[in-house]
Asker: 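A single structure is presented below for examination.
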Amino acid sequence: MEPLLSKLEAPVKEAFKKAGYDESYAKVTLSNRPDLCEYQCNGALSAAKQYHKAPFMIADDVVKNLDKAYFSKAEVVKPGFINLDVSEEGLALFINEMKKSERFGVETPEDASRGKVIIDYGGANVAKPLHVGHLRSAVIGESIKRIASYLGYDIVGDVHLGDWGLQIGLIITELKARHPELVYFDDSYTGEYPEEAPFTMSDLEEIYPYANAYSKEHEDYKKQAQENTRLLQEGKPGYLAIWKHVIDVSVADLKRIYDSLDVHFELWKKESDAQKYIPDMVKYLKDNGYAHEDQGALVVDVQEETDTKTIPPCMILKSNGATLYNTTDLATMIERRKLFDPARIIYVVDKRQELYFTQVFRCARKTKILDEKVKLNFVGFGTMNGKDNKPFKTRDGGVLRLEALIKDVKDKVLEKMQDRDMETADREATADRIALAAIKYGDLSNQPVKDYIFDIDRFTSFEGNTGPYILYTMVRIKSLMEKAAAEGIDVDALSGMDIKATGNAQEKSVYLTLVKWIETIPASFEEFAPNRICQFLYELCENYNGFYHDNKILTNDDSSQKMTWLALSLFVLKVLDQGIDLLGLKAPDRM
RNA sequence: GUCUGCGUAGCUCAGCUGGAUAGAGCACUCGCCUCCUAAGCGAGGGGUCGGAGGUUCGAAUCCUCUCGUAGACGCCA
């Protein structure tokens, strides 16, 4: 559907033309003075210079030539503002069309049919527990993916696990130190390795940090770990078996936690999957003269003339011949091209990696690993900080595990639910949803690039611009619908029912908010800004709650008004429900 | 040192393709349940939009400089 804003702009453009002015001045925007009008056009002010005419006169000409079919008000104010109100009938018509349209009128962008969109997010590593640092990538990536999918893009979310680095070497080294008797370390062993891993996830969670810390203090140990990493990468069978165990144990655990966050990946690819593409890629880069040796390393220059700063070359191989992050990322592009032939790849990564991705993107283009048609996007996000505005840490200074964070928030929610009369199972399930809403909404309501402060009290508060507030509004409407159904009203039929505006100001302001859905959703994808959706949902809830508070809906004596308001309430619920789904939240039935 | 992001109410943030009195939420003060979930609604106080110049009829918004802050700057990811 054409957004209301551009629908309203059309007659204004026409009026500018008719009055003899350039129609490019006819920009209609939301009013910044809601007390005066709903929409405004300031074009007369900017046109004044070109036409050497008082803005007021221009505005007056325009309004005289304006087709006022859509407007209940079109007036010229002081220097030359054109203040506009939409007619209620027009608005109700628009809402009814939205109700009937797929996606409530949101259109699929043109480029959605160009091919798959791969979204690389999550950022998990095997053998390391998910910690709060992984939260943003998961939450933001999941939301962007859901928005893209809703808009009609063919999406593939890839967790892209880190499974091929030093962390495995460290685990092998430590495991060997503790249990040298294991078959994996017996070089003469030729049989099958056990299916069962010799460790659990909680073992790994202890082994890895220990080995990591120990390697920083002991040079020999670190060398051993590096050597073991190399042996693994060369394919030493015993080490490959351990690596396989680590992956199995970790992935099961990661899936469990991502599930609890309602974050799901279509693809569980790993860094190691890209390794097989590296030798050919390196050869290709050398043969075609893209890569050259510099200080012993193999690099591709990516500096461009227009750069205001120096961009270091993209390193393909270290001086010792080893691969690194960039190498794997480029090889992953090759793999993705082969498997999916994507139209676009979106990386949802910590913003501190921006320069690396600039290098990698440029390198991929320059070397034609990806052709120019493939769009590459970097969505950099800021850090989640504690109340001291420093990166989030536990009280003793360690990294907080994501699971612990989720549990803390849930406990807080349960505490607040104490006086609610609910069955235990319901209480638990409801608390899970509220806790998740608190965490995710707290994150997503900020612009991704910004750092934000995680404040458990604020996020779990049911007041203000929080996830729980949105859920509460929905629960209220759900309960209203239940009561309506109990009264014998056919609730399902309400969605097909046309709304007839009743002249209520609060009702109108709900309409005026609903209408923004059509522009908000595509914008939130284009700008990679789920916060735009949060803002929309909050505004809708605020308006609806105001309306709800001051008006009797179900207990209304005027049956036509009652039905329209019930239909409106149900529509608001549906829009909210779709909106929170795009954020990755679910509403409970009661709370 | 170079480059990038950010600096708006006590706190957390919107607004930034220039326009009419700079908006929310939290916190604070006050009011509203015989009435569909008061986990709600409403009212109030609170601002040199970091600072200084400039462009413009008009600047939180654009340009320059400056201060503060976070980060990046080839063999980590």
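Quick caveat, the model's predicted, so the values are computed rather than measured. Labels below follow one simple rule: chain letters A, B, ... track the order of the sequence lines, proteins then strands, and each chain is numbered from 1. Note: hydrogens, waters and symmetry copies are ignored here, and every other heavy atom, side chains too, is used.
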Asker: Any salt bridge between Asp307(A) and Arg362(A), counting N to O under 4.0 Å?
Answerer: yes
Asker: Indicate for each nucleotide in nucleotides 12-20 of chain B, in 5' to 3' sequence, whether protein heavy atoms under 4.0 Å reach the base (B), only the sugar-phosphate (S), or nothing (-).
Answerer: SSSS---BB
Asker: Is the distance between the ring centroids of Phe378(A) and Phe528(A) under 6.0 Å?
Answerer: no
Asker: With respect to the phosphate group of A70(B), does any side-chain polar atom (N or O) of Lys351(A) fall under 4.0 Å of OP1 or OP2?
Answerer: no
Asker: Taking the same atom, P, in C41(B) and in C26(B), what whole-Å distance lies between them?
Answerer: 9 Å
Asker: Rounded to whole angstroms, how far apart are OH on Tyr325(A) and C1' on A72(B)?
Answerer: 14 Å
Asker: Base, sugar-phosphate or nothing for Asp457(A)? Non-hydrogen atoms, less than 4.0 Å.
Answerer: nothing
Asker: Glu354(A) has an atom CD; how far is it from atom P of C73(B), in whole Å?
Answerer: 12 Å
Asker: Could you classify C33(B) for me, syn or anti, using a glycosidic angle within 90° of 0 as syn?
Answerer: syn
Asker: Would you call the rings of Tyr214(A) and His218(A) parallel, tilted or perpendicular if under 30° counts as parallel and over 60° as perpendicular?
Answerer: parallel
Asker: Would Phe459(A) and Phe454(A) count as a close aromatic pair, with their ring centres under 6.0 Å?
Answerer: yes
Asker: Cationic tip of Lys78(A) within the cone over Phe56(A)'s six-membered ring, i.e. under 6.0 Å and within 45° of the normal?
Answerer: no
Asker: Taking the same atom, P, in U8(B) and in U69(B), what whole-Å distance lies between them?
Answerer: 14 Å
Asker: Can you list everything that forms a ring-ring contact (aromatic ring centres under 6.0 Å, His included) with His134(A)? Sequence neighbours excluded, please.
Answerer: His131(A)
Asker: Are Asp451(A) and Lys351(A) within salt-bridge range, i.e. N to O under 4.0 Å?
Answerer: yes
Asker: Can we say Lys412(A) and Asp457(A) salt-bridge, meaning some charged N sits less than 4.0 Å from an Asp/Glu carboxylate O?
Answerer: yes
Asker: Once ring-ring contact (aromatic ring centres under 6.0 Å, His included) is applied, do any residues pair with Tyr325(A), and if so which ones, sequence neighbours excluded?
Answerer: none
Asker: Walk along nucleotides 36-42 of chain B from 5' to 3' and tag each nucleotide B, S or - by protein heavy-atom contact under 4.0 Å, base first, then sugar-phosphate.
Answerer: BBSBBS-
Asker: Want to know the stems of RNA chain B: at least 3 consecutive Watson-Crick or G-U pairs with distances under 3.5 Å, which are they?
Answerer: B:1-7 with B:67-73, B:10-13 with B:23-26, B:28-32 with B:40-44, B:50-54 with B:62-66
Asker: Distance check, C1' atoms only: G50(B) and G7(B), in whole angstrom units.
Answerer: 6 Å
Asker: Mark yes when over 12 heavy atoms from residues, nucleotides or ligands other than Glu487(A) sit less than 6.0 Å from its CD; otherwise mark no.
Answerer: yes
Asker: Could you state the CG-C1' distance from Leu540(A) to A24(B), rounded to the nearest angstrom?
Answerer: 16 Å
Asker: Taking atom C1' of C3(B) as reference, at what distance in whole Å does atom NZ of Lys309(A) sit?
Answerer: 5 Å
Asker: Can you measure Asn556(A) atom CG to C35(B) atom P for me and round it to whole angstrom units?
Answerer: 17 Å
Asker: Write down the distance between CG (Leu298(A)) and P (C75(B)), rounded to a whole number of angstrom.
Answerer: 15 Å
Asker: Quote, to the nearest angstrom, the C1' distance that separates U17(B) from C13(B).
Answerer: 23 Å
Asker: For the C1' atoms, the ones on A52(B) and on G68(B), what distance do you get once it is rounded to whole angstrom?
Answerer: 15 Å
Asker: Under the salt bridge (charged side-chain N to carboxylate O under 4.0 Å, His left out) rule, collect the residues that match up with Asp329(A), sequence neighbours excluded.
Answerer: none
Asker: Atom CZ of residue position Arg365(A) - does it have more than 12 heavy atoms of other residues, nucleotides or ligands inside 6.0 Å?
Answerer: yes
Asker: Measure from OH on Tyr538(A) to C1' on G23(B) and round the result to the nearest Å.
Answerer: 12 Å
Asker: Hey, are the side chains of Ser250(A) and Leu204(A) touching, using non-hydrogen atoms and a 4.5 Å cut-off?
Answerer: yes
Asker: Please report the distance separating the C1' of C65(B) from the corresponding atom of U29(B), rounded so that it comes out in whole Å.
Answerer: 44 Å
Asker: I'd like the C1' distance from U4(B) over to A14(B), given in whole Å.
Answerer: 23 Å
Asker: Round to a whole Å and report the spacing from CD of Gln359(A) to C1' of C3(B).
Answerer: 13 Å
Asker: Looking only at atom C1', what distance separates C63(B) and C73(B), rounded to whole Å?
Answerer: 27 Å
Asker: NA contact type, Asp294(A), heavy-atom cut-off 4.0 Å: base, sugar-phosphate, or nothing?
Answerer: base
Asker: Base, sugar-phosphate, or nothing: which does Glu482(A) touch, judged by heavy atoms less than 4.0 Å apart?
Answerer: nothing
